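Naming: A, B, ... by sequence-line order, numbering from 1 per chain. Everything numeric here is computed off the predicted structure, so don't read it as measured data.
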There are 2 protein chains.
Amino acid sequence: MDHWDEVRMFLAVAEGGTVRAAADALAVNHATIIRGIGRLEEKLNTKLFDKLPSGYRLTDAGTDIVELAGQMSMASSQIEAKIFGRDQSVSGPLRLTLPVSFATDLLMPTLVEFRAAYPDIALEIIGSLSVVNLGNREADVALRVVIGDGTPPDKLYGTRLCEFHTGFYVQRNLMTARSTPAAWLLGTNEVIPSDWDPQGGIRMTTTPIRFAEMRSQFEAARAGMGITVLPCFLGDADPMLVRVPGSPVKPTGDIWLLTHSDTRQTKRVRLLCDHIRTAMQGFAGRMAGRIESGDSELL
Amino acid sequence: MDHWDEVRMFLAVAEGGTVRAAADALAVNHATIIRGIGRLEEKLNTKLFDKLPSGYRLTDAGTDIVELAGQMSMASSQIEAKIFGRDQSVSGPLRLTLPVSFATDLLMPTLVEFRAAYPDIALEIIGSLSVVNLGNREADVALRVVIGDGTPPDKLYGTRLCEFHTGFYVQRNLMTARSTPAAWLLGTNEVIPSDWDPQGGIRMTTTPIRFAEMRSQFEAARAGMGITVLPCFLGDADPMLVRVPGSPVKPTGDIWLLTHSDTRQTKRVRLLCDHIRTAMQGFAGRMAGRIESGDSELL
DNA sequence: AAGAGGATGTGCAATATCGCACCACTCCAG
DNA sequence: CTGGAGTGGTGCGATATTGCACATCCTCTT
């Protein structure tokens, strides 16, 4: 090993003048300093200090290298400062992953706000459903819908923000006509809901229509193609859509805010989490499918 | 303690790309590197490397501090150099780096002489072509072939010793037979010389043969495998080889003797440089490919 | 002169570090 | 698909480092 730690001891003694002062400065025992200096002198094969009764005094050789040792110390300090600065600065990269619909239809104003408040943070938004991103360190913060009461995976810290409800939605005009046949609009792997049958004039076709993307499914519902299951915050907010009368509003999970244990203490991450948490508190009613006062148009 | 040694490990891994390379470079066990990096990451509370199956790759944070770690390493090297430079005794370590062929086939008697004259100097001979060794203080004196008129890099002092010529060589018997097909014998990255075609009965095969090491290339030429470019001092000295008739002898650079500014004034370094310089003066003719009087056997 | 205080050294036990041998995994060629 | 060569990771005994307590020496004060 190359005795860099001993150089640090050397510098401490050179600056403090005595072994004890150096030991105090480095928060170690003074014996450690004595032996460290001994190892360094042996390795360099050179006396670095005159050991006087009043303390250690630099020899010529020691004087020659004290400035270089200072350069090492300077660089070391800058390393710590740089790492600390990375954590605490409100600039630099910050990756957020969340379901696409949350980004486009719910949190976009919130994110715009955040961007305006901290313009030096390079926010990167990754639309995805998989939790892997966090474990992979592909993202720093993740907003996820957790079914059941799942404990966050290893190394991840999570905060439960609010409930998440879904409902059955259909185009408003289709509802008033009361006679048009409608199709089930499903995602790729979804099955036709078996716990509820539409009534009140809606006649379902036997063949469902499947979509590879959530967005096209949503637009198909707005265009009057049929009935689909949507997050309440999406369906209730769209004037083209109404809940199917008699259909249930079901809790289908909770919204969690997940962070990686390594980065959750950095300022950037905390700022973003606080921002999202505050915003989501305001959205809790919409997320749970509760109709706000004044929005009585729906039922 | 402040983990300066761990910074050294970090730098070694950053430069080597893998834990094992770093372990080899620092001459420690690879487990030590893994734990050292672990301690450093824990101390800085930041991931410095992505641990991929193919090796360690720097994270953003790691990239931020690799240059500062380099500054520490630089300062550490200069400390060693400064201390070494104070040592005026004719004993102790002294490292010389030069191309392998120069050591084995030209300067070995000179070095034996030097060793006999100063038996207390622990001479270490490092066969290498890279100039980095000096700046890193992996060596104290370097003998190098400099293409063009390169000024020595920062902090290095250089003396131009003599010219350096190369020629085309082939086995003597192959030449007298005048009918045997021969191959181009090339180093790993060399290309077939386009400025000269062998004539006079030598028929070249289309497929060159490549060698990873200079030595095997040389021996292949001696065994009659084909034609190769060699330093004149090598080719002319070997009775098995002759220059290909009609082939040019080209100047391909100059021989420089390089020393580090901090150590060039020490007695050991000056003694070795003087010794080598004197010897190379006697070799100037051979280096330039000039045939000494009495050696008229060749042309 | 004697003692207090501050300095450098040192024996010994606790602790941390290291090296060896081994494991698991990935990649790639045969 | 299998074996070898590369990678990182880990348990355990050996080794080195550290911290504590104590010893020694010098100086200055009382």
Item to check | Between D:dT17 (C1') and A:Leu40 (CG): distance, integer Å | outcome: 16 Å
Checklist entry - What integer distance in Å separates B:Leu26:CG from C:dC18:C1'? => result 14 Å
Item to check | Nearest-Å distance for atom pair CG/P, residues B:Asp5 and D:dT17 | outcome: 10 Å
Item to check | Pairs satisfying ring pair (Phe, Tyr, Trp, His ring centres under 6.0 Å), at least one member in residues 7-43 of chain B, at least two apart | outcome: B:Phe10-B:Phe49
Checklist entry - How close or far is atom P of D:dT18 from atom NE2 of B:His3, stated in whole angstroms? => result 12 Å
Checklist outcome for this item: The ring pair (Phe, Tyr, Trp, His ring centres under 6.0 Å) partners of B:Phe211 (sequence neighbours excluded) come to none
Validation: residues 65-75 of chain B side-chain donor-acceptor distances under 3.5 Å, sequence neighbours left out:
none

Checklist entry - In whole angstrom, what separates A:Glu6's CD from D:dT18's C1'? => result 12 Å
Checklist entry - What string of B, S and - do you get for nucleotides 8-16 of chain D, 5' to 3', if B is base contact, S is sugar-phosphate-only contact and - is no contact with any protein heavy atom under 4.0 Å? => result BBBBB----
Next on the checklist: Can you measure A:Ile33 atom CD1 to D:dT17 atom P for me and round it to whole angstrom units?
Outcome noted: 14 Å
Checklist entry - Roughly how many Å is it from CD1 in B:Ile37 to P in C:dC18, rounded to a whole number? => result 12 Å
Next on the checklist: Suppose the criterion is salt bridge (charged side-chain N to carboxylate O under 4.0 Å, His left out): which pairs have a residue in residues 22-31 of chain B, not counting sequence neighbours?
Outcome noted: none
Checklist entry - CZ/A:Arg144 to CG/A:Leu258 distance, rounded to the nearest 0.5 angstrom? => result 7.5 Å
Item to check | Set of residues satisfying side chain to side chain donor-acceptor pair (under 3.5 Å) with respect to B:Arg210, sequence neighbours excluded | outcome: none
